[in-house]
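Note sheet for the following structure.
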Amino acid sequence: MGDDARQLVLDESGQNAAPSHLDSNTPGASAEAPTTHQALLAWVQQVAELTQPDRVYWVDGTEAENKRLTDELVEAGTLTRLNEELFPNSFAAFSDPKDVARVEEQTFICSEKKQDAGFTNNWMEPSQMRAKLDGLFSGSMRGRTMYVIPFVMGHLEAEDPKFGVEITDSAYVVASMRIMARIGTDVLRKMEELDAFFVPALHSVGAPLAEGEQDVPWPCSDDKWIVHFPEDRSIWSYGSGYGGNALLGKKCYALRIASIMARDEGWLAEHMLILKLTSPEKKDYFVAAAFPSACGKTNLALLDPTIEGWNVETLGDDITWMRFGHNGELRATNPEAGLFGVAPGTGWSTNPNAMRAIAKGNSIFTNVALTDDGGVWWEGMTDDAPAHLTDWLGNEWTPEAGHPAAHPNSRFCTPIDQIDMLAEEYHSPNGVPVSAILFGGRRKTTVPLVTQSRDWTNGIFMGSTLSSETTAAAAGQVGVVRRDPMAMLPFMGYDAGDYLRHWITLSGKANQETLPKIFLVNWFRRTADGGFAWPGFGDNSRVLKWVIERIEGTADAVETPIGYVPTGESLDLTGLDMTPADVEAAVRVDPAEWETELAGIEEWYARFGESLPEDLVAELRTLKERFAAA
């Protein structure tokens with residue numbers, strides 16, 4: 001370790017002692033660190049030499065540690081403690097206004113070969129990027145504590161537990177990671193027992209402190225970089241304290257790096273929810289579903305069914321890892337331990353299950369508004385806004401203010417085990433068997449309410465062309481279609497064509513009889529007069545019922561060029577002010593609309609170049625032929 005490097009010396013309990021200034025003859029971090037994992041020791045020392053923190057702290061994950069850190073964050077002004085009666089053990093954080101969301105334009109996949117990153121990712125030559133990052137991280141933690149967070153994605157008891165270690169100079173990240181993943185000493189002991197590989201995830205807010213310099217509540221840098229190196233599975237994040245950029249177990253590991261691991265090891269890492277559906281006959285089914293943002297993902301994960309006798313429980317609302325079991329069945333697990341949800345739009349009338357979990361406390365809210373009685377509020381939380389709030393920028397706010405009180409991307413970070421409807425199978429180390437996979441976008445026309453694919457490859461075609469319509473209200477323009485394959489556009493860690501090919505080739509490993517059926521859904525279709533063709537929310541359970549009945553072979557369907565849609569009578573409309581004719585309108589396949597859609601798919605596929613799987617080229621060709629023959 002270099003002359004200027006400083007570290008935390010651990011006392012006999014392995015906890016904090018006074019910082020020690022080390023010279024080149026003093027043993028480095030490995031001499032005092034509470035682990036025997038040699039690869040981890042070497043990496044921690046390497047990072048300490050590069051970033052030059054005041055001290056190094058190994059996170060143990062205990063409640064006492066969390067209390068100490070959150071107390072320090074409150075004292076520093078980073079966190080605001082909420083009213084214990086309203087939100088026990090909960091805090092609000094307010095970021096720098098320039099650090100409020102994922103920085104996709106500064107997110108890179110630095111594979112050795114440019115073509116391996118594909119057209120959906122930013123790429124830079126790895127040695128060039130490493131040189132840039134070495135410069136940015138050099139001395140970046142001066143004046144700060146360097147926290148070492150051992151974590152596992154999924155369960156420690158899984159057959160193949162996936163480990164990571166995040167090094168960060170942000171205590172806010174430590175407190176948030178404690179909610180989102182399993183962290184601390186138990187993880188470290190298991191890593192030592194297995195001498196396990198781990199994903200090294202390095203994070204700095206990029207705001208070193210000079211001697212005597214006063215810190216700010218939310219340190220960050222204007223220069224932000226989120227970088228993934230696929231070949232060595234490493235993640236470097238610089239300049240941002242925001243969750244998606246700084247909680248590196250989430251999108252960075254659980255999707256981008258994990259998708260690469262999954263490709264190489266023969267499984268899937270997907271941007272999907274998992275729900276458990278129990279029929280009146282008490283038979284259980286598990287459904288995984290991929291939806292781009294603003295397409296009802298969390299609402300479906302936490303669904304309250306409106307049809308008698310059916311029950312829904314959740315296993316996760318955002319990320320799903322799927323691998324084949326010993327009998328060739330596809331099994332899904334949620335690798336996360338918390339919910340990191342968008343707050344606006346999550347409310348007591350739209351998602352009471354999420355709100356009940358949040359109300360139990362133990363949560364961190366970021367960029368929401370504060371109520372006068374020490375609680376939090378955001379748009380959509382309640383039907384009516386409070387008469388007075390402090391907005392996320394710290395200003396007085398009333399309903400007449402003319403702007404939102406909470407940032408549109410404000411977040412809640414809540415332990416998943418506070419969800420009343422959490423399925424007990426969430427705790428199953430090796431996951432649950434998947435009966436069906438849903439892909440869903442937001443389209444006003446063209447795409448039916450629900451369509452069953454003809455087979456697995458046809459289902460992948462549906463997922464590969466998944467789309468949502470954007471709006472540009474100021475200019476009055478609507479209907480711009482954005483393709484988002486499998487809702488993974490920002491999260492694929494490698495070439496998009498290779499990603500789709502991996503989906504196709506995986507089916508060869510499966511027990512064909514237990515391979516999940518694939519469906520395309522669209523809750524947002526409109527009627528001719530502009531209203532929604534389907535009521536959505538809890539009534540989506542009626543579509544899920546039809547999906548299950550199709551799997552069981554008991555529901556009728558009509559064959560169309562794009563797949564199988566419900567007959568007017570095959571959806572359960574009990575208690576709904578809808579007729580079979582309304583259903584038929586909601587699932588109608590209009591050849592004129594699809595002529596435009598096919599042209600859009602062709603244009604989209606052209607962007608893949610030679611990496612597009614021939615199977616999907618054939619799917620598009622066959623679809624055109626079916627429409628021509630219709």
Side-chain angles (χ1 to χ4, degrees), residues 51 53-55 57 59 65-84 87 89-103 139-147 149 166-180 203-224 237-248 340 343 361-372 374-378 389-397 403-413:
T51 61
D54 269 18
R55 58 180 192 160
Y57 179 82
V59 172
E65 173 187 80
N66 187 58
K67 184 179 188 312
R68 186 171 65 251
L69 287 177
T70 51
D71 284 349
E72 291 172 2
L73 286 164
V74 169
E75 187 177 346
T78 305
L79 294 182
T80 298
R81 194 183 306 278
L82 300 179
N83 184 324
E84 282 291 320
F87 296 97
N89 191 33
S90 296
F91 306 88
F94 303 95
S95 75
D96 185 296
K98 299 188 296 293
D99 192 22
V100 295
R102 289 198 317 271
V103 286
S140 67
M141 297 187 186
R142 282 197 187 103
R144 301 193 180 279
T145 297
M146 181 177 119
Y147 299 95
I149 313 171
E166 176 159 2
I167 291 178
T168 180
D169 53 9
S170 167
Y172 166 88
V173 167
V174 179
S176 300
M177 280 290 287
R178 187 174 185 268
I179 296 171
M180 292 307 303
H203 169 254
S204 174
V205 294
L209 291 170
E211 189 90 25
E213 181 181 354
Q214 183 66 36
D215 202 2
V216 295
W218 188 276
C220 63
S221 170
D222 290 341
D223 200 6
K224 295 176 174 61
S237 173
Y238 178 87
S240 173
Y242 166 78
N245 304 323
L247 308 182
L248 301 185
F340 185 69
N362 307 304
S363 299
I364 297 174
F365 303 91
T366 304
N367 293 340
V368 299
L370 292 178
T371 61
D372 293 343
V376 292
W377 190 85
W378 51 80
L389 296 165
T390 302
D391 73 14
W392 74 280
L393 292 170
N395 302 317
E396 303 273 327
W397 186 93
H403 59 82
H407 188 275
N409 194 42
S410 56
R411 297 282 174 157
F412 58 86
C413 185

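Throughout, residue positions are numbered sequentially from 1 according to the sequence presented.
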Could you walk me through whether T371 and L389 pass the side-chain contact (heavy atoms from CB on, under 4.5 Å) check? CA-CA 5 Å; T371 61; L389 296 165; 3.6 Å; yes
Could you walk me through whether S204 and D169 pass the side chain to side chain donor-acceptor pair (under 3.5 Å) check? CA-CA 6 Å; S204 174; D169 53 9; 2.8 Å; yes
For residues C220 and D96, report the shortest heavy-atom separation together with the two atoms involved. SG-CB, 3.6 Å
Name the one of W392, F87, F91 that satisfies ring pair (Phe, Tyr, Trp, His ring centres under 6.0 Å) with F365? F87
Under 4.5 Å between any side-chain heavy atoms of T145 and D54, yes or no? no
Can you see which heavy atom on E213 is nearest to which on P208, and at what distance? OE1-O, 3.9 Å
Would you call the rings of W378 and F412 parallel, tilted or perpendicular, taking 30° and 60° as the class edges? parallel
With a 4.5 Å limit on heavy-atom distance, are the side chains of Y172 and I364 in contact? yes
As an exercise, state the distance from CD of E84 to OG of S90, rounded to the nearest 0.5 Å. 7.5 Å
P219 side chain near R144 side chain, heavy-atom distance below 4.5 Å: yes
Might you work through the side-chain contact (heavy atoms from CB on, under 4.5 Å) test for T366 and F94, ending with a clear yes or no? CA-CA 6 Å; T366 304; F94 303 95; over 6 Å; no
Using atom types as modelled and distance alone, determine if a side-chain donor or acceptor of N367 lies under 3.5 Å from a backbone N or O of N409. no
Do any N or O atoms from the side chain of S221 and from the backbone of G239 form a donor-acceptor pair under 3.5 angstrom? no
Could you measure the distance from the CD1 atom of I167 to the CG atom of L248? Nearest 0.5 Å is fine. 11.0 Å
Which pair of non-hydrogen atoms, one from A93 and one from L79, has the smallest distance, and what is that distance? CB-CD2, 3.8 Å
Flag side-chain contact, heavy atom, 4.5 Å: N362 against I179: no
The reported gap from OG1 in T168 to CD1 in I149 (rounded to nearest 0.5 angstrom) is 6.0 Å
Examine distances only and state if a side-chain atom of S410 and a backbone atom of P408 form a donor-acceptor pair shorter than 3.5 Å. no
Working note: E65 + Y57, criterion side-chain contact (heavy atoms from CB on, under 4.5 Å); need CA distance, chi angles, decisive distance, verdict. CA-CA 11 Å; E65 173 187 80; Y57 179 82; 2.6 Å; yes
Do the non-hydrogen side-chain atoms of Y147 and M177 ever get within less than 4.5 Å of each other? no
From N89 CG over to L82 CG, what is the distance, rounded to the nearest 0.5 angstrom? 10.0 Å
Testing the basics here: between A246 and E166, what is the closest heavy-atom pair and its distance to 0.1 Å? O-OE2, 2.6 Å
Closer than 3.5 angstrom, by distance alone: can the side chain of S176 be matched with the main-chain N or O of V173 as a donor-acceptor pair? no
Side-chain heavy atoms of S140 within contact of Y238, under 4.5 Å: yes
Scan side-chain atoms only and decide if S240 and D99 contain a donor-acceptor pair under the 3.5 Å cut-off. yes
side-chain contact (heavy atoms from CB on, under 4.5 Å) between D215 and L209, intermediate numbers included: CA-CA 7 Å; D215 202 2; L209 291 170; 3.8 Å; yes
Quick one: does any side-chain atom of T78 pair with a main-chain N or O of P217 as donor and acceptor, under 3.5 Å? yes
Please examine the side chains of R178 and L69, heavy atoms only from C-beta on, and report whether any two atoms are closer than 4.5 Å. no
Shortest non-hydrogen contact from A175 to T70? CB-CG2, 4.3 Å
Any idea which heavy atoms bring M146 and M141 closest together, and the distance? CG-SD, 3.7 Å
Given side chains that start at C-beta, do those of M180 and C413 come closer than 4.5 Å, heavy atoms only? yes
Spacing of OG belonging to S237 relative to OH belonging to Y242, to within rounding of 0.5 Å: 12.0 Å
Check whether any side-chain N or O of W397 sits under 3.5 Å from a backbone N or O of H403 as a donor-acceptor pair, and report yes or no. yes
